[in-house]
Each structure stands twice: as structure tokens, then as C-alpha cells.
2 protein chains.
Amino acid sequence: MIENEYYSEENLGPHEYLKLGDFPLIHGQTLANAKLAYRTHGALNANKDNAILFPHMWSGTSKSMEIFIGEDRPLDPSKYFIILPGQFGNGFSSSPSNTPAPQNMGAFPNIMIGDDVVAQHRLVTEVFGIEELQLVLGWSMGAEQTYEWAVRYPNMVKRAAPFAGTAKTTPHDYIFVRAHENALKSDPAWNDGFYSSSHAVEVGLKRHAELWSVMGLCPEFYKQETWREIGFSTLDEFLTGFWEAYFLPMDPNNLICMAWKWRHGDVSLHTDGDLTAALGRITAKTFVMPFGNDMFFPPSDCKTEADLIPNSEYRLIDSLWAHFAMFCMNEQDKKAIDANLRDLLAS
Amino acid sequence: MIENEYYSEENLGPHEYLKLGDFPLIHGQTLANAKLAYRTHGALNANKDNAILFPHMWSGTSKSMEIFIGEDRPLDPSKYFIILPGQFGNGFSSSPSNTPAPQNMGAFPNIMIGDDVVAQHRLVTEVFGIEELQLVLGWSMGAEQTYEWAVRYPNMVKRAAPFAGTAKTTPHDYIFVRAHENALKSDPAWNDGFYSSSHAVEVGLKRHAELWSVMGLCPEFYKQETWREIGFSTLDEFLTGFWEAYFLPMDPNNLICMAWKWRHGDVSLHTDGDLTAALGRITAKTFVMPFGNDMFFPPSDCKTEADLIPNSEYRLIDSLWAHFAMFCMNEQDKKAIDANLRDLLAS
């Protein structure tokens, strides 16, 4: 375990925890004394039929998705019981940063998206006794978890809303994300994951932030200086004040754990590599919602998958914020996302 | 100066050299005993009106562009006198790797695209006595030099063919290329440019190759496993056998010198930052030819510039090889490029 004030409840909100015990992982290892951190909004009704599950993206925590919850919003906590499960590696659920030896830091086992979803299934069924979710939704790695839910437990997912993510990681996305991991590892202070403190890996975190600045947005974003929308006045200020400021407080092993999981996402593991068969299992009404200009998940990759999902609609959301449209940096992106969620929940 | 067998005439062909003497640079320094390496094909006719200038891309040498020259090709050496000038930093023209102290290695001065073009102008006018070029063409950084020629010496350029490049580097391309430089510099062996041998910086060269693999092609290329077209049978083989094999023999300072020059390319330096005014100077018949899926020079960026060039045509060449369509890995790309050059030379 390693001290890092970033992953504190003071900073990122209180969590509840489901103790998972010794948790068997898809890759064969067992995660000792595993835990799943989560937050909830609203109340589960007597019929237990008003639940929404909203897993979060890479590098985030349950709190990250709360910008979408509100009484005037489609994710209305006066109507729905909204569960925000943390993913393994997020610093609150079992993670390299909070797991004791011998599975600490660089020795933390490799986790798959399916491991997260199995843990979340225990939360949903054992803790809450829910049999069907009105909606599973998520962005980026949250979309990967959404697809995993819809394929693994089709009878439990009534509606699915994967934003800017894929059911099976493409080869380009795979090498893209691996390059980000390697940027962190390039810092000699990383030391195979056994560093003296998260902050000692500052050079690696900065290199990693630089790659995100290049690949996380899109050319037109920079050409139009869209960063002015959030108050920056020069490109350099944006690179340090946004990208470096976001990543520097984080734990490199946590980021690497989640990135590895990201690039190994693949629902066709359920069907011997047959993606058509895997996506064909989905019974949820599904809105596939890529973001225009997304360099991680180009809309064409999402369209290919949408075409394989029986009851799906392909709904492109165009934004110069590209992959980061989900941050709702402007009112337009927020409205577009909400409008689609409203349509889906009404269906 | 540093030993590197890659930059030998045995390896990359014999060159002729124009001694430039002490060469004043745009950024104020003087490059001592500068030299411009070049190769030619065909013969200059008596009227000196059959010359074509074909500068090369980043990381290349004059030899790189010879795949476009042939008696059955638009660049026919039985008809045209084709000059292939080397750019500063290419290992044959003055470069960090071949310049003696005190301007050697990490102390080599910053060079601008305009410096290359001024040196090439001396070659064209002083050595060959040419007053007008039938065509200036180039790919990527060669396109940057083409634009610089057309803006700086409009009366000398009858036709211009910039492939997959821009007249003014966009902000995204700037941070993109800087990230590549930083990958080289991330290797402690780089040592501010004063390494013991080029090959000592192997880790940096490998990181750099990795970023190129991600950003140099496009998602669809990897999804369709287009690398099979050139004989690779796995993705990993392609990453090492193509990307690493290409870059590992090269000199890191040379690559950094050219990359810095690339990202500072800007013809609007001639017009106080007014790109419309700069491109408005061009009198050449110009074919602006971006490559589809190019992540460095998205077609939309090239279209914006084409619209500012008086006598231009925008001709998109679509290829899964994206930025690397110019390598003509398949017959289709070669035919598309040749067809456009034939049209332009006939106009």
C-alpha cells in the first residue's frame, strides 16, 4: 500500500464497500480480500425495478459520473436508484495503491473488464436483490463495462448506453493505450511498479499527460483553440493546467492497471472470439453513442459494432471535445448526451 | 561528428555536394562550412526549362524519393532534369551527425524550412542557372518545402504538388511531433544530444518507433491488418520489423533536428502571420493532395489551405496507408499519385 492523498474520501467523496473476500480472477489468480467501492443516489423502490448502473471511465472514480445526476436530468435520483460502482484499479476498489503485500503495487494481478462486471453483479444481486437494471451506461471504459454487462447478463440489462467505447478493443486502440502505459513506465523512478511514492514518478506522469494531450482530443480542437472555452489563454497553459494537473496527483500503477484492463476488453471472449455471436446475445435496447473526432474510439469502429447488436440505434454525438465530450465542458455536449438518455429511458 | 554507418553513400547512394560556406540561418546563428547534398536524374536541356525539384520528407534522404522516377512514370528522367535536394539534418547535408564542434550533435543550431529552401535556391540558380522550375513537389516535410518555395519564390515555381503536408503547421501537429522528439529525449542515454553513439539511444529510438506506429498510420489500417500487404504475419512482427527496423539505425539528433524544423514550418512568417496573404502569393498551378486517414495532416487541414491558394485543385488520395501512402506499398497508391502528377504536368 502506498500513501496518496488523491485517493481519499475527503477528496473524492465517501464510498460504501462490498467485501468480496478472496476473489477469483479471470486470468487465474485470486485477489485476496478484494473490495468493491461504490456510491448510490436515490432509493431502490419496493419492486426493485428502478435501478440504473453507471460504471466509470479509466482514471476516474464513482464521483466522476455524478455530473450527470440531478432532479432535472434524465438520471433523476428522485425517480431512479443509481448505483455508481468503482472499477478495480480506481484507488477505492481493490487497486495497486491500496492492496497490501504480496499483491501490492507492481505485484497487483492483471484484471479484466469481466472481473469488474462479476463483482458488480454481486453488488447488484446480493446486496440489493435487483433482478433487472433499467439501464446500464458508461463512457469509454464505462462503455466497455456496459457491453460486458449486456453480453454476460443479457436478461438483467433492459437498456444499454455505451458512450465512446467499444465492446472489443481494436488493434489500434490497443497499441495506443499501451503507449500510454509505456510513457509511465519510461520513468526510471517507476522501478517496475515499486516506487517510493506516486509523486516520485513525476516525469513519467508528465510524459503520459503529453501523450494524452496529443491523442485524447483532436486536431480541430487545437486549431479552433477550443481550450479557451474552459478559461485557458494559451496552449501551454492548457497542457499544464489541464492535462498535467489532471494526471500528476494520480498513482501510476493504478493508471497502468486500468489501462491494461482497457486494452484487453473483449466481449467475444464469451464466444470463442466470435464478436458477431457475442453482440448478438444482447437483448437490451442499446444506443451506441460515439463522439465525433474521437481518436480512441473512431465513430466508424462503434458503427461496426452497432450493426451487430439486434436492438440498437447508432447515435453519433458531434463535439470538438472529441473523446472528452463526456466531461460536458460546454452546455451543448451536456444537452446532446441528456437528450439521448431521455429518449432511451422513455423507450 | 559521430560515426553512423547508416548515413553512408554505400547505404544511401552517392551524393553531390554544394558548399554553402558560412550559411546565415533565419534564427540568427551562422552554420559554419554548411553543405547541401543532392542527387540528380536526367539532363538539363539547353533552355534550362525542364527542371523538377523534389525535396524529401522527414527522416529520409534524396534516395527516398527515387521510387517515383522512371521512364514510364510522370517523373521521366529522359524528359526532365530532376533534382533531389537533401534537407539539413538528413545526415548528408549539414546535420548534427556530420558537423564538427562547436556545432556538433546537441549543439547543432535550429534550422527552419526557409533555410533549406534558400540553400536549394542557390543550388538551382547558382549551380544550374535555372530560372523556372516546371514542378516542385514533395511529401510531408517535402510538402512544407514545396509550399515554402511557392511562397518565397513564386516566379520560379510553375507547378506545385504538395502531398500530405501543410504550409503552416497546425497546433495539433506541433504537439504531436514534439511528443516524438520527447520520446527520443526520454532515454537517459540521449544526454542532451551528446551520446556516445547513435545506437546507445536504443531505448529512445524504440519509444519513438512506438509512437510512430500509433500515430503514423490509422485505426482502419490496423483493423484490416493491412500490414499483411507487405508480408508481415503478426502485429508484433510489423511493429518491430517495420517501425523499429526503420528507425533504430538512425541518428537521434538528426531526427530531432528535422522534427523541430517540421513543427516550426509556417509560410506566414513571410506575411506577418497572415496565412491568407502568404498563400495568396502563390502563382503556381497547385495540386493539394492530402492522404485519406492521415493523422498528421488530416485532409480537412489541407482543404483549408487549398481554399486560400488562387490556382489550386484539392485532390484527395484515399489509402489505408494513411500518411504513408507515399511509400507506395501497393500498386493502387502508386497509380493514384502518378495519375495526379501526370495531370498536373500536362496542365
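As the structure is a prediction and not an experimental result, all values here were calculated from the model. Below, read A as the first sequence line, B as the second, and so on, with proteins coming before strands; counting in each chain starts at 1. In what follows, every heavy atom counts, from backbone to side chain, and hydrogens, waters and symmetry copies are set aside.
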So which part of [X] gets closer than 4.5 Å to some heavy atom of chain B, the side chain, the backbone, both or neither?
| X | result |
| --- | --- |
| A:Leu217 | neither |
| A:Ser213 | both |
| A:Glu220 | side chain |
| A:Pro219 | both |
| A:Leu235 | side chain |

Please check if atom CG in B:Asp236 has more than 12 non-hydrogen atoms from other residues, nucleotides or ligands closer than 6.0 Å.
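Atom CG in B:Asp236 is crowded, with more than 12 foreign heavy atoms closer than 6.0 Å.
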More than 12 foreign heavy atoms under 6.0 Å from CD of A:Gln332: is that the case here?
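No, because the 6.0 Å sphere around CD of A:Gln332 holds 12 heavy atoms or fewer from other groups.
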Residue selection (most heavy-atom pairs with chain B, distance under 4.5 Å) from A:Ala183, A:Ser300, A:Ala179, A:Pro188
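So the answer, after comparing A:Ala183, A:Ser300, A:Ala179, A:Pro188, is A:Ala179.
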With rounding to the nearest 0.5 angstrom, report the NZ to NZ distance, A:Lys168 to B:Lys223.
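The NZ atom of B:Lys223 is 10.5 Å from NZ of A:Lys168, to the nearest 0.5 Å.
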So which heavy atom on B:Val214 is nearest to which on A:His172, and how close?
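That would be O-NE2, 2.6 Å.
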So which atom in B:Leu239 and which in A:Arg178 form the shortest heavy-atom distance, rounded to 0.1 Å?
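Shortest heavy-atom separation between B:Leu239 and A:Arg178 comes out as CD1-NH2, 3.3 Å.
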Validation row: A:Arg207, B:Arg207 side chains within 4.5 angstrom (heavy atoms)
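The answer is yes; the side chains approach within 4.5 Å.
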Per-residue contact mode, B:Asp301 against chain A (heavy atom under 4.5 angstrom)
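For B:Asp301, heavy atoms of backbone and side chain both lie under 4.5 Å from chain A.
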Heavy atoms only, distances under 4.5 angstrom: which of B:Asn182, B:Thr304, B:Thr170 has the most pairs with chain A? Name it, please.
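Answer, by heavy-atom pair count under 4.5 Å with chain A: B:Asn182.
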